[in-house]
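My questions all concern the structure below.
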Amino acid sequence: MLKTAYCGDLRESDEGLDVVLAGWVHRRRDHGALIFIDLRDSRGIIQVVFDPKQAPQAHAVASEARVEYVLQVEGRVRRRRAGTENASLATGAVEVQATSAQILNSAKTPPFYINEDVDVDETLRLRYRYLDLRRQRMHGNIVLRHLVTRKIRGYLAERGFVEIETPVLANPTPEGSRDYLVPSRINPGNFYALPQSPQQFKQLLMVAGFERYFQIARCYRDEDLRADRQPEFSQLDLEMSFAGQEDILQLIEQLYIEIGRELRPDLNIPVPFARLSYEEAMRRFGSDKPDLRYGLELVDLTNAVRGTPFLVFKSATDSGGTVEGIVVPGGAAFSRKEIDALTETVKTYGARGLVSIAYLADPANAGEEQLRSPVLKFLGADHARALGRVAGARAGDLLLIVAGVGGAPAKDAGSSGRVKPALDALRRALAAKLGLADPNTLQFCWILEFPLFEWSDEDERYYSVTHPFTAPLDADREFAADPGAAHSQSHDLTCNGQEIGGGSIRIYQRSLQAEVFRALSLSDEETRERFSHMLEAFEFGAPPHGGIAMGLDRTLALFAQDDDIRNVIAFPKTKSASDPMTGAPLPVDPAQLDELGLRLKDP
RNA sequence: GGCCCCGUGGUGUAGCGGUCUAACAUGCCACCCUGUCACGGUGGAGAUCGAGGGUUCGAAUCCCUUCGGGGUCGCCA
C-alpha cells in the first residue's frame, strides 16, 4: 500500500504517529512560506502542514500541487496549536506535519467544484459522474447504501433467509409496465424481457421449498422517469412460506427500525409504525400514501352543503359526487394571491376549482362580515357558518373546499371524481407552504387491505390492483358476486408521503386462483398462456406464502434525506433514460442487428 | 403523449430590445504573504449569450423550430 493510514481516521489518540498518507488535494492555502493542504481520501479530510524550513522538498511539492492532485505525504501526526483546532472537521484536533511528499498524479481543473456543496447542472454531473461521486455528500450517500445493504443481508441471514439470484433475461409480460426487451439471436424473432420484478421467480422458490428467500434485485421498467423513478432500480425482494401478513409486517418494520437506529440515530422514527386501511387512508387523507407528519385531514362536507343554491356544490351533490375540504389553521390570513396559487395546484390534479371561506370569528357565531369568501353571496352566510362548524374550523382558520361531480371514473374504488387527488395535492402543498413536515422525521405507515380488483371502464373488465396472485381477505373469499367490493391481504409501506414498498399474501390454492381469473374475465386459454408455469407449479404442493418488495433506492433517499434517487445511485440515468458519460443508449452496427434478425423502421 | 421551467466566461448567477466592446461571485494563472482552514492582498486571462431560422435600423433580450436538462400530469406499483 502507498499509505499507512486514512486521512479521515486520524484523531488525537494518534498523536506522535508517523504516517504515510495518500489522497486528493481538497484545498490548498499558501501563506507564502507555510502551506496548508487539506488532504482528502475515502474516509475524510486531514490538514497537512508544509513548512519550508523543516521540509523544503515537501514544501516544494505542496507549492506545485493543485486542487485534486493525487499526493502521497509522509509525516507525523501532532496536536494542533491551541486555538487553531477546527471543530467542523472530524480530524480537526490534529494535523500532519509533512516531512516529505510526492505528486502521484496531477489533475486538470475539475469542471465543477468538488470541495463545495453547490448545485451543478445535472448533465454535467452525470457526464463527470466519477467527479460528482468524489463530492462528500454523494460519497456519503453511496457508502450509506453499502451500509444499508450490508445491514439487510445480515439481518435477513440471521433470520434464516437465503439470498438467491433470479434471471435478468426473463419472459415478457404483457400486463403491468412496459418491458425492456432483449432480442434473442439464437431464437430469431423471440425476445427476453428484463424483469419488472422477480415476482414469479420468488413464488416459484417458495414452491421449491426454500421457505425464506431474499434478494437485492435489479428491476427494469420502460416508463417515463421522475425524481423517484429510474429505468433500472433496486428492490429488496423477499418471500416467506408459512407466514401470515403480520409476520411480514413485523419483519420489515423491525428491519427499518434497526437501519434507522444504527445508521441514522439522529432521525426521528416513530414506532410502532402507523397502520391504516386503504379506505381510511383515502377517507382521511385522500391518498394511499399519506404523509402523516402533519394533520390537515380531509373533512366530508357533502351532507353539509345539501340544499345550498350554490351551483358548484349543488351539481356535485345532485350528481352523486362529493364535496370535501381541508381546514387550514390560521389560514384566514392567506392573501388572494396565495389562494390563487393553491387553486392552480388543485386544478393540475383535476379539480375544477377551489372554494375558500375564511373565518375571522368562530363559525358558530360569526357575523356575515366575519366570513370572507369569494362565493359568499352564492353560498349564503348560513351555509358558510354550517360548513365551518362541520369542518371544525375556528376563528382565524381557512376552509378550502373542492367539489367533484359524480359519475366520475370508478377507478380506485371509493374515490369521488378528482376530489381526493386534488385534496391530497392541496394537503401536500399546504404542508410545504406552512413548513409542517419535520424533515428529520421518518413517519412510516402501513397501508393495508387494498381493493382486490379495480374496474376499467375502458376495457369493461376488472384488473388486479396488485397482481392476480394476491389473496383476498378471508372475509372476502366469496367475492364473485361483487368483485369491486373485495379487499386483499396486501400491504404497502409508506413513509412521509411516498410509497416505498409493497406486497401481499399470495393465493396458493388452485380453486381460489381460478375464481380470481374468472373475476378478471380471463379465459382458460389466456390464463394458460400467461401463467401456465405458475399454475402448474402450484399444483405440486405450493406452501402458503407471502412477501414484499421494498424500493431500495427510495429507502436510501429517505435515510440519506435526499429527495432524488439519482443521488443514491452510483451511475443513474437522465430523465430521458440516457447516460451522458457513456453515451448509452447508442446506435449499433448494422451487422449486429442483422445477426439478431432485426431491421430498423425508417423514422 | 400534454403542460411548465431552465440553458449567458470553468462553475453558479445577473442582465430580458440600443448605454452589453456582456456584470457579479467563485474558480483559473502570476506575484506577495509563517497558522490558515470558503486564508488574505495585488494584477491578469477567460463567454458573442445551447443550436438553427425569423422579426427589427438594432436581439443574450421578442417569435418559431430544434437539441439538452429538470419538474409535473398521464403512464408506472
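As the structure is a computational prediction, the values presented were derived from the model and not from experiment. Chain letters run A, B, ... following the sequence lines, proteins first, then strands; residues in each count from 1.
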What contact category does A:Q97 fall into here, base, sugar-phosphate, or nothing, at under 4.0 angstrom with non-hydrogen atoms?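 No contact.
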Indicate whether OP1 or OP2 belonging to B:G68 is found under 4.0 Å from a side-chain N or O atom of A:S576.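 A:S576 to B:G68 OP1/OP2: no side-chain N or O under 4.0 Å.
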A:R178 CZ to B:G74 P: how many Å, rounded? 15 Å
Touch check for A:Q47, heavy atoms < 4.0 angstrom, all strands: base, sugar-phosphate only, or nothing? base
For B:C39 and A:R27 - does any side-chain N or O of the residue sit under 4.0 Å from the phosphate oxygens OP1/OP2?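 A:R27 to B:C39 OP1/OP2: side-chain N or O found under 4.0 Å.
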Looking only at N and O atoms, is any donor in the side chain of A:R229 or the base of B:C75 less than 3.5 Å from an acceptor on the other one?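 Under the 3.5 Å cut-off, the side chain and the base do form a donor-acceptor pair.
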What is the separation between atom CD on A:E64 and atom P on B:A30, rounded to the nearest whole Å?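 After rounding, the reported distance stands at 11 Å.
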When you match A:L89 and A:D288 each to their closest nucleotide on RNA chain B, which lands nearer the 5' end? A:L89
Can you confirm if the aromatic rings of A:F469 and A:F531 lie within a centre distance of less than 6.0 Å?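 Yes: the rings meet the under 6.0 Å criterion.
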Less than 4.5 Å apart, side chain to side chain, heavy atoms only: is that true for A:S464 and A:T470? no
Does A:R566 have a side-chain nitrogen or oxygen under 4.0 Å from the phosphate oxygens OP1 or OP2 of B:G70? yes
The side chain of A:D564 lies closest to which of these nucleotides: B:G1, B:G35, B:G71?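 Given the options B:G1, B:G35, B:G71, the side chain of A:D564 is closest to B:G71.
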Reckon A:R226 has a side-chain N or O less than 4.0 Å from the OP1 or OP2 of B:C75?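 No.
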For nucleotides B:C28 and B:C75, find the distance between their P atoms and express it as a whole number of Å. 50 Å
Atom-to-atom span, NE2 of A:H26 to P of B:G27 - whole angstrom: 13 Å
How is A:V118 classified with respect to the nucleic acid when contacts are heavy atoms under 4.0 Å: base, sugar-phosphate, or nothing?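 Result for A:V118 = nothing.
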Considering only the P atoms, how many Å lie between B:A51 and B:U72, rounded to the nearest integer? 29 Å
For A:R81, which contact category applies under a 4.0 Å heavy-atom criterion: base, sugar-phosphate, or nothing? base
Would you indicate whether the side-chain heavy atoms of A:V25 and A:R66 approach each other to under 4.5 Å? no
At 4.0 Å (heavy atoms only), tell me whether A:R40 reaches a base, stays on the sugar-phosphate, or touches nothing.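 Contact class for A:R40: none.
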d(CG, A:D30; C1', B:A38) in whole Å: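 After rounding, the reported distance stands at 16 Å.
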Between A:T494 and A:D492, a side-chain donor and acceptor under 3.5 Å: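 Per modelled atom types, A:T494 and A:D492 side chains form no pair under 3.5 Å.
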Distance check: side-chain N/O of A:T348 vs OP1/OP2 of B:C73, anything under 4.0 Å? no
Side chain to side chain, A:Q215 and A:F201, heavy atoms closer than 4.5 Å: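 A side-chain contact is absent here, since even the closest heavy-atom pair is not under 4.5 Å.
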Assign A:D222 to base, sugar-phosphate, or nothing according to its heavy-atom contacts below 4.0 angstrom with the strands shown.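 No contact at all - A:D222 keeps every heavy atom at 4.0 Å or more from the nucleic acid.
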From the options B:A77, B:G70, B:C28, select the nucleotide whose nearest atom is closest to the side chain of A:T109. B:C28
Round to a whole Å and report the spacing from CG of A:N567 to P of B:G70.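 So the CG-P distance, A:N567 to B:G70, works out to 12 Å.
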So is the aromatic ring of A:H31 stacked onto the base of B:C39, judging by whether the centres are under 5.5 Å apart and the planes are under 30° apart? yes
Candidates B:U11, B:G35, B:U34 - which lies nearest the side chain of A:D51: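 That would be B:U34.
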B:G7 versus B:G15 - spacing of their C1' atoms, nearest Å: 15 Å
Within this structure, what is the CZ-to-P distance between A:F50 and B:U36, rounded to whole angstrom? 18 Å
Can a side chain N or O of A:R29 be found less than 4.0 Å away from OP1 or OP2 on B:C39?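 The answer is yes; a side-chain N or O of A:R29 sits under 4.0 Å from OP1 or OP2.
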Between A:N171, A:T166, A:T173, which is the residue that forms a side-chain hydrogen bond (donor to acceptor under 3.5 Å, both in side chains) with A:Q200? A:N171
Nucleotide B:C37, atom P - distance to CG of A:L34 in whole Å: 13 Å
Between B:U11, B:G35, B:G71, spot the one nearest the side chain of A:A227, thanks. B:G71
What is the base-pairing partner of B:U19, counting Watson-Crick and G-U wobble geometry with both distances under 3.5 Å?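 Matched B:U19 with nothing under the 3.5 Å cut-off.
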Check: A:F36 ring centre within less than 6.0 Å of A:H31 ring centre: yes
Length of the CG-C1' vector between A:D563 and B:U72, whole Å: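 Rounded to whole Å, this separation is 14 Å.
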Say you pick atom P in B:U61 and the same atom in B:A38; how far apart are they, in whole Å?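 Going atom to atom, P in each nucleotide, I get 40 Å.
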Can you tell me which nucleotide in B:C75, B:G70, B:U26 comes closest to the side chain of A:T574?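 Closest nucleotide to the A:T574 side chain: B:G70.
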Which part of the nucleic acid, if any, lies within contact of A:T470, taking any heavy atom under 4.0 Å across all strands shown: a base, the sugar-phosphate backbone alone, or nothing?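 Result for A:T470 = nothing.
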Output yes if the stacking criterion (under 5.5 Å between centres, under 30° between planes) is met for A:F112 over the base of B:U11, else no.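 Check failed, A:F112 does not stack on base of B:U11.
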Can a donor-acceptor pair under 3.5 Å be found between the side-chain atoms of A:D121 and the base atoms of B:G70? no
Ignoring backbone atoms, test whether A:R66 places a side-chain nitrogen or oxygen under 4.0 Å from the OP1 or OP2 oxygen of B:C29. yes
Selected nucleotide, minimal atom distance to A:N86 side chain, candidates B:A38, B:G35, B:G71: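 That would be B:A38.
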Watson-Crick or G-U counterpart of B:C3, or none if no pair lies under 3.5 Å: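 When the pairing criteria are applied, B:G71 turns out to be the nucleotide that pairs with B:C3.
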Taking the six-membered ring for Trp, is the centroid-to-centroid distance between A:F453 and A:Y463 below 6.0 Å?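 Aromatic pair excluded; centres sit 6.0 Å or further apart.
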Integer angstrom distance from the P of B:G27 to that of B:G12: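 Between the two P atoms, the distance is 15 Å.
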P atoms of B:G18 and B:C31, separation to the nearest Å: 42 Å
Would you indicate what A:G176 reaches in the nucleic acid, counting non-hydrogen atoms under 4.0 angstrom: base, sugar-phosphate, or nothing? sugar-phosphate
For B:U26 versus B:U42, give the span between their P atoms, rounded off to a whole number of Å. 11 Å
Pick the nucleotide of RNA chain B nearest each of A:P52 and A:P110; which residue has the one closer to the 5' end?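 The 5'-side residue here is A:P110.
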Measure centre to centre between the rings of A:F233 and A:Y220, then say whether the value is under 6.0 Å. no
Residue A:Y113, side-chain heavy atoms: nucleotide from B:U26, B:G12, B:C33 that is nearest: B:U26
What's the closest nucleotide to the A:T123 side chain, out of B:C37, B:G69, B:A77? B:G69
Hey, does the side chain of A:S177 come within less than 4.0 Å of B:A77's phosphate (OP1/OP2), counting only N and O?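 A:S177 to B:A77 OP1/OP2: side-chain N or O found under 4.0 Å.
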Residue pair A:M282 / A:D424, side-chain heavy-atom distance below 4.5 Å: no
Provide the distance between the two C1' atoms, one in B:C37 and one in B:A23, to the nearest whole Å.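 The answer is 30 Å between these two C1' atoms.
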